[in-house]
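Every value quoted in this text rests on a predicted model; they were computed, and no experiment measured them. Throughout, a chain's letter reflects where its sequence line sits, starting with A, and its residues are numbered from 1.
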There are 2 protein chains.
Amino acid sequence: MTSPDEPVAWLSDQERAAWMAILAMTMTLPSALDAQLKRDAGINTFEYHILAALSESPTRSLQMSQLAVFAQGSLSRLSHAVGRLERSGWVRRQPSAHDGRHTEALLTPAGWDKIQQIAPGHVREVRRLLIDLLSPTQLADLGATSRLVVGTTAPESAHLLDTGLPPGI
Amino acid sequence: MTSPDEPVAWLSDQERAAWMAILAMTMTLPSALDAQLKRDAGINTFEYHILAALSESPTRSLQMSQLAVFAQGSLSRLSHAVGRLERSGWVRRQPSAHDGRHTEALLTPAGWDKIQQIAPGHVREVRRLLIDLLSPTQLADLGATSRLVVGTTAPESAHLLDTGLPPGI
DNA sequence: CATGATTGGTTGAACGTTCAAGTCACACTA
DNA sequence: TAGTGTGACTTGAACGTTCAACCAATCATG
């Protein structure tokens, strides 16, 4: 709970103004992208990232635990989401041949078609809502600042941003 | 759906790197703040902003529709959330005296105590996860960039960021 | 001054996420 | 080689959000 010993520095006017804007951005940008995907593809952002991650793997498959890191979600959330994608016929699951504890998720041909079909629309929306609004420098700065923040909010996935791989691979 | 006429410019390496980091930030920062509030105060971010907005009003009360703008949520979401806060004894609702269509939400004494008690912890977390990591310039830049993005993702609430008031007030 | 439209808000069902438990395969250890 | 532990998932219930009705009060029009 609140520790009364060390007093809290409230936000200055400038800090508050910046924080309000940042808060609004972190609330509206993800949901705007989510809305586009739901509308045009019938899936949400998390499911999109699952399909995208699988499609970028050379084998079009990944272990569930690796996929969870790439898609930035808990294993439980992933398990439910892959269940839905499986029911739609875009993903299959099978126990790993080498280690019966692992489960491999793999993109079906239909899933491959699906992601190929919807990716352009999604990228277009990312451009429209973010990238095309900013100069290359602004975008790079925003990226660098974000990386800094992620270093505190989610150190595990900060590593992913630097190397493109989960830690220990 | 995807309009095949105008080809999509895929992301460059720099754009992609920035976008991955920004995405990670927009996913992890809100949920980290949410976790702190749930843990220390038993409420979520949206409910926090409801209490905060009410506490900042001179009358400690707001119309539901105004409150929805300040707390950045739909009226339906607000109605459910205020219902929960009402059950906890922190908020009350009453029909407006002037216009029977309007409902006024008002902070109870217990609600006032609650927000006074939990605000410091929340601010401390905002500092820890964001503000203290950045230089004043970095923070201001991030704020300005965010404002720009919100101008496209949510033009209505962009106005709020400039004036501190909902449009038309 | 009726009546149709609009505004402000509520409700309930469907859906997705979280959380706590549970299962199963394999790895250690005595 | 039985027993204990651990890692990798899966499951189901609880909870919050969304979405599509719905209702009730007021406004505008003829």
Note to self: Side chain of R101(B) only, heavy atoms from C-beta on: which candidate in dC27(D), dT10(D), dG9(C) is closest?
What the structure shows: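 Ranking dC27(D), dT10(D), dG9(C) by closest atom to the R101(B) side chain puts dC27(D) first.
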N/O (side chain, [X]) to phosphate O (OP1/OP2, [N]) under 4.0 Å:
X	N	answer
R77(B)	dT17(D)	yes
N44(B)	dC15(D)	no
S65(A)	dC9(D)	yes
R84(A)	dC15(C)	no

Check: For residues T59(B) and S57(B), is any side-chain donor paired with an opposing acceptor at under 3.5 Å?
Finding: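 Yes - a donor-acceptor pair under 3.5 Å links their side chains.
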Length of the line joining [X]:[atom1] and [N]:[atom2], which is rounded to integer Å:
X	N	atom1	atom2	answer
Q94(A)	dA8(D)	CD	P	18 Å
I50(A)	dG16(C)	CD1	P	12 Å
D99(B)	dT6(C)	CG	P	17 Å
D34(A)	dT17(C)	CG	C1'	13 Å
L67(B)	dG9(C)	CG	P	10 Å
E86(B)	dG9(C)	CD	P	14 Å
H102(B)	dT10(C)	NE2	P	12 Å
H98(A)	dG7(D)	NE2	C1'	18 Å

Under 3.5 Å: donor-acceptor pair, side chain of [X], backbone of [Y]:
X	Y	answer
Q14(B)	A140(A)	no
S88(B)	W90(B)	no
E86(B)	G83(B)	no
D34(A)	N44(A)	no

Margin query: On DNA chain D, does the nearest nucleotide to K38(A) precede the nearest nucleotide to E47(B) from the 5' side, or the other way round? Give the residue.
Written below: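 Of the two residues, E47(B) wins.
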Check: Taking for each residue the nucleotide of DNA chain D with the nearest heavy atom, is it S31(A) or L75(A) whose nucleotide lies nearer the 5' end?
Finding: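 Result of the comparison: L75(A).
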Margin query: Ignoring hydrogens and geometry beyond distance, is the side chain of S76(B) in donor-acceptor contact with the base of dT17(D) at under 3.5 Å?
Written below: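 Flag unset: no donor-acceptor pair detected.
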Check: Has the side chain of H80(A) got a donor or acceptor that lies under 3.5 Å from a partner of the other kind on the base of dG12(D)?
Finding: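 Such a pair exists between side chain and base.
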Check: How would you label the contact of S79(B) with the nucleic acid (heavy atoms, under 4.0 Å): base, sugar-phosphate, or nothing?
Finding: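 Touches a base.
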